[in-house]
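So the structure is just underneath, and the comments pick up after that.
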Amino acid sequence: MPKTLTDERIKELLQLDVDARYRYLIKQVVESREIWILTDEHGCVMLNTEDDDCVPVWPNQEFAALWATGEWEDCQPQAISLNKWHSRWTNGLLDDELSVVAFPNADLEGVILFPDEFDFDLTQQAKKQR
């Protein structure tokens with residue numbers, strides 16, 4: 001059973017820099033075996049930079065839910081199992097030439113990676129946690 005995050009812990013994690021949030025994301029996703037995205041009737045939410053179209057991912061439902069406001073208020077957090085991520089999402093995102101933005105904060109700051117780089121980091125973390 002995933003543990004619920006307190007408001008204090010959420011605030012603390014959101015104040016971390018992008019690299020520390022990324023490390024938390026990788027550890028949390030491997031531990032919980034879930035990655036969180038936001039979806040609506042059209043599919044998953046996308047963020048766009050000058051160079052990349054990105055799928056934002058979060059380590060916990062609570063962080064994804066924080067983004068379901070404004071233009072995304074009709075969106076719902078959705079968990080993707082780590083197995084499904086490895087088997088379908090990584091190659092699907094690569095085929096669609098999409099990147100991953102890891103644990104973005106309210107200022108739209110997050111680590112942007114190619115899906116295979118993200119997958120590699122998840123796999124490496126899983127080896128460490130065995």
What's the verdict on side chain to side chain contact (heavy atoms under 4.5 Å, CB included) for D53 and E97, showing C-alpha distance, side-chain angles and the deciding distance? CA-CA 8 Å; D53 292 331; E97 298 182 2; over 6 Å; no

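- R21 places a side-chain N or O within donor-acceptor distance of the main-chain N or O of L16, the cut-off being under 3.5 Å.
- L47 places a side-chain heavy atom less than 4.5 Å from the side chain of W67.
- Between the side chains of N60 and Y24, at least one donor-acceptor pair of N or O atoms lies under 3.5 Å.
- Between W36 and V57 the shortest side-chain heavy-atom distance does not fall below 4.5 Å.
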Under the criterion salt bridge (Lys or Arg N to Asp or Glu O under 4.0 Å), I'd like the reasoning laid out for E12 against R9: C-alpha separation, chi angles, the key distance, then a yes or no. CA-CA 5 Å; E12 178 184 309; R9 181 70 174 143; 2.4 Å; yes

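- Expressed to the nearest 0.5 Å, how far CD of Q61 lies from OG of S32 amounts to 11.5 Å.
- Enclosure of atom CZ in F114 is not indicated, since only 12 or fewer non-hydrogen atoms of other residues, nucleotides or ligands lie within 6.0 angstrom.
- Across all their heavy atoms, D40 and D74 have their closest contact at CB-O, 4.5 Å.
- Nearest heavy-atom pair across I37 and C44 is CD1-CB, 3.8 Å.
- The OG1 atom of T49 lies 4.5 Å from the CD1 atom of I112; values are rounded to the nearest 0.5 Å.
- Q125 approaches K27 most closely through the heavy-atom pair NE2-CG, 3.5 Å.
- Ring orientation note: the planes of Y22 and F118 are tilted relative to one another, at an angle of 30° to 60°.
- If you chain together hydrophobic residues whose side chains sit under 4.5 Å apart, W85 and L94 never meet in one group.
- A distance of 5.0 Å separates CD1 of I26 from CG of D121, quoted to the nearest 0.5 Å.
- In plain terms, the two heavy atoms of L82 and V30 that are nearest each other are CD2-CA, 4.1 Å.
- Between L93 atom CG and C54 atom SG the span is 10.0 Å, to the nearest 0.5 Å.
- When all heavy atoms of L5 and E62 are compared, the closest pair comes out as N-OE2, 3.3 Å.
- The shortest distance between side-chain heavy atoms of D119 and H86 falls below 4.5 Å.
- Contact check for L66 versus I10: side-chain heavy atoms found under the 4.5 Å cut-off.
- In terms of the side-chain hydrogen bond (donor to acceptor under 3.5 Å, both in side chains) criterion, residue partners of Q78 (sequence neighbours excluded) are, by chain and number, T39.
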Residues 99-111, side-chain donor-acceptor partners within the protein, below 3.5 Å, at least two apart:
{"residue": "S99", "atom": "OG", "partner": "D52", "partner atom": "OD1", "Å": "3.4"}
{"residue": "N105", "atom": "OD1", "partner": "D107", "partner atom": "N", "Å": "3.0"}
{"residue": "N105", "atom": "OD1", "partner": "L108", "partner atom": "N", "Å": "3.3"}
{"residue": "N105", "atom": "OD1", "partner": "E109", "partner atom": "N", "Å": "2.9"}
{"residue": "N105", "atom": "ND2", "partner": "E109", "partner atom": "OE1", "Å": "3.0"}

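- At distances below 3.5 Å, at least one donor-acceptor pair connects side-chain atoms of D17 with backbone N or O atoms of A20.
- What you find for P77 and L38 is that their closest heavy atoms are N-CD2, 3.6 Å.
- Inter-residue side-chain proximity for R33 and N83 is flagged as met; some heavy-atom pair is nearer than 4.5 Å.
- Contact check for F63 versus L14: side-chain heavy atoms found under the 4.5 Å cut-off.
- Annotation for Q129: atom CD counts as buried by contact number, over 12 foreign heavy atoms lying within 6.0 Å.
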